[in-house]
Every structure is written in structure tokens, then in C-alpha cells.
Chemist: 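Structure in C-alpha cells, see below.
Computed from a predicted model, the values in this text were never measured in an experiment.
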Amino acid sequence: MEYPIRVRVNAFIIQNEKILLVEFNNKHGLHYTLPGGEIEANESWIEAVKHEAQEESSVEIKVEPVAFLYG
């Protein structure tokens with residue numbers, strides 16, 4: 001399925017009462033965010049969130065129900 005607009009997913013990963021964040025540094029300084037990224041063409045949101053979690057933090061995840069949506 002192709003999306004006419006850019007759609008992002010983020011993984012909210014909790015283990016041992018801790019939340020996994022990805023650290024990055026850009027021209028605005030040091031930041032932390034949830035692992036995530038854009039859904040690629042022909043990729044479901046479930047595949048995308050698994051792919052992004054693996055790509056950005058080297059973890060394999062089991063996708064649970066959606067926590068929230070915003071636009």
C-alpha cells in the first residue's frame with residue numbers, strides 16, 4: 001500500500017520499567033527520541049515499526065496494540 005502523504009511510526013518499548021530512547025545529535029544539540037521513521041512503500045505500519053526498531057536500536061520487538069495516534 002502506498003501512502004499519499006508521509007506517515008511515521010514510533011516504537012514505545014518498555015522493559016524492566018525503562019523506556020528505550022535513541023540518542024542523536026544535530027545542529028540543535030543532543031536529543032532523545034523513540035525509535036521510528038517513515039513507512040516505506042508496500043510496508044504495513046506493523047512491518048515499519050519492527051523494521052525501525054531493529055534498524056535504530058538492534059532489538060526485535062513484538063507489536064502490541066496501538067498506544068496512540070496523532071496528526
Chemist: Taking atom CD of Glu56 and atom CG of Leu34, what is their separation to the nearest 0.5 Å?
Modeler: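 Result: 10.0 Å between the selected atoms.
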Chemist: Going by the side chain to side chain donor-acceptor pair (under 3.5 Å) test, which pairs reach into residues 11-25, not counting sequence neighbours?
Modeler: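 Pairs touching residues 11-25 that pass the test: Glu23-Tyr32.
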Chemist: To the nearest 0.5 Å, what is the distance between CG on Leu20 and CD1 on Ile13?
Modeler: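 CD1 of Ile13 is found 5.0 Å from CG of Leu20.
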Chemist: List the atom of Asn26, the atom of His31, and the distance in Å for their closest heavy-atom pair.
Modeler: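 Heavy-atom minimum between the residues: OD1-NE2, 3.3 Å.
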Chemist: Under 4.5 Å between side-chain heavy atoms, hopping through other hydrophobics if needed: is there a path connecting Val63 to Ile19?
Modeler: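 In one cluster with Val63: Ile19, no.
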Chemist: With rounding to the nearest 0.5 Å, note down the distance linking CH2 in Trp45 to NE2 in His51.
Modeler: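 One gets 16.0 Å once the value is rounded to the nearest 0.5 Å.
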Chemist: At their closest point, which heavy atom of Ile39 faces which heavy atom of Ala48, and how far apart are they?
Modeler: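 That closest heavy-atom pairing would be CG1-CB, 3.8 Å.
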Chemist: Tell me whether Ile46 shares a hydrophobic cluster with Val7, the cluster being built from Ile, Leu, Val, Met, Phe, Trp, Tyr side chains joined at under 4.5 Å.
Modeler: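 Yes, because Ile46 and Val7 connect within a single hydrophobic cluster, where side-chain heavy atoms sit under 4.5 Å apart.
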Chemist: Would you name the heavy atoms of Ile61 and Val49 that are closest together and state the gap between them?
Modeler: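 It is CD1-O, 3.9 Å.
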Chemist: Working to the nearest 0.5 angstrom, can you tell me the gap between Glu60 CD and Lys50 NZ?
Modeler: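 Rounded to the nearest 0.5 Å, the CD-NZ separation comes out at 9.0 Å.
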Chemist: Just verifying a value: how many Å separate Glu38 CD and Glu43 CD, rounded to the nearest 0.5 Å?
Modeler: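 That separation rounds to 11.0 Å.
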Chemist: For the atom pair OG (Ser57) and CG (Leu21), what is the distance rounded to the nearest 0.5 Å?
Modeler: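 Ser57 atom OG to Leu21 atom CG measures 10.5 Å (nearest 0.5 Å).
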